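The shown structure was predicted, so the numbers you read here are calculated from the model rather than taken from an experiment. Below, chain A is the first sequence line, B the second, and so on; all start at residue 1.
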Amino acid sequence: MIERTLTQLSLAQIADSGQCFRLLRRGPGRFRLVAAGRVLDLVQKGSRVSFHCTEEEFQTVWVPYFDLCTDYGAFLRSIPSDDVFLTRAARFGEGVRILRQDPWEMLITFLISQQKQIPAIRSCVETLSRRYGTPIGDTGEYAFPGPEALSLCSLEELRSCALGYRAPYLYDAARSAGELSQWSGLPDQELFSRLTALSGVGPKVANCIMLFGFHRIAAFPRDVWINRVIDRYYGGNFPLARYDGFAGVIQQYLFYYARSGSKGEAE
DNA sequence: GCCCAGGTGACGG
DNA sequence: CCGTCACATGGG
């Protein structure tokens, strides 16, 4: 077991941040994450975080996954104090980080996400994993199924996973997007056009895949929550240029704060 | 039982 | 190019 004192990291906030759907609360301060074909149990008390894994796994898998080498304090300090709303949002969600998740999993997850609430997305992701993923040791958890596994599913089979009209999007993705990880080297603009060329991937979903799956932290997904914030607090025009190169981090602060305002998820 | 959701694609103007 | 609309299901 590895213990670290970490700043700007809140598992509770990340679990509610709408970027990761397989980080689940298992009790006060206790979490379980399924990612990278592994299960990781975590406990957080204040800034003390314990990772239930070996030192080697911590260094090679979870340090990059949680983006622990990036100083999020620098992002927080970059916010001008004249932006009262964002200052408050960032302080409120200062434990949010941009996880380095798998591009394929993000493609499928955010194809599912359209016109669904976060608990419903979670439920679909679990169904797909339990039905088509492989079990992880004796943990009772299942890895997210790869493109090979999903390409074996018929359209009707996918439909039965509560995917609704999105089922054909997944069906096509399993056949056309197997080489997704080879897109890692493309510049943002090129990556964006490749993603939006996939059926069911529009600008919002593409930006989510870029931000959460390819760690392109300049990507700024505009969803209903962000648009609401921009309309209400920024007169319809958010000063993106101020955050050149890391607007995605700012987007997460805004999203998390806006959403917690109307749900009772403050912590 | 309604209502609507981390949007997108197809259509008409 | 821009406004509308259907789309399938599960949570709130």
Between [atom2] of [N] and [atom1] of [X], the distance in whole Å:
{"X": "A:D172", "N": "B:dG9", "atom1": "CG", "atom2": "P", "value": "11 Å"}
{"X": "A:I112", "N": "C:dG11", "atom1": "CD1", "atom2": "P", "value": "13 Å"}
{"X": "A:I121", "N": "C:dA8", "atom1": "CD1", "atom2": "P", "value": "18 Å"}
{"X": "A:R259", "N": "C:dG11", "atom1": "CZ", "atom2": "P", "value": "15 Å"}
{"X": "A:Y257", "N": "B:dG6", "atom1": "OH", "atom2": "P", "value": "19 Å"}

Open item on the list: Please enumerate all residues that pass side chain to side chain donor-acceptor pair (under 3.5 Å) together with A:R48, with sequence neighbours excluded.
Closed with: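 Here the qualifying residues are A:E3, A:T5.
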
Task: Below 4.0 Å: OP1/OP2 of C:dG11 and any side-chain N or O of A:S123 - done: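 Checking A:S123 against C:dG11: at least one side-chain N or O falls below 4.0 Å of OP1 or OP2.
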
Is [X] touching bases, backbone alone, or none of the nucleic acid, heavy atoms closer than 4.0 Å?
{"X": "A:L198", "answer": "sugar-phosphate"}
{"X": "A:S17", "answer": "base"}
{"X": "A:G200", "answer": "sugar-phosphate"}
{"X": "A:R166", "answer": "base"}

Say we look at [N] and [M]: how far apart would their [atom1] atoms be, to the nearest angstrom?
{"N": "C:dA6", "M": "B:dC3", "atom1": "P", "answer": "15 Å"}
{"N": "C:dG12", "M": "B:dG6", "atom1": "P", "answer": "11 Å"}
{"N": "B:dA10", "M": "C:dA8", "atom1": "P", "answer": "14 Å"}

- [ ] Would you state whether a donor and an acceptor, one from the side chain of A:Q117 and one from the base of B:dA5, lie under 3.5 Å apart?
- [x]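 Check fails, no donor-acceptor contact within cut-off.
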
Task: Per-pair stack call A:F110 and B:dG6, 5.5 Å, 30° - done: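 Aromatic stack with B:dG6 absent for A:F110.
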
- [ ] Inspect the surroundings of CD in A:E179 and state if more than 12 heavy atoms from other residues, nucleotides or ligands are less than 6.0 Å away.
- [x]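 Count over threshold, so yes.
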
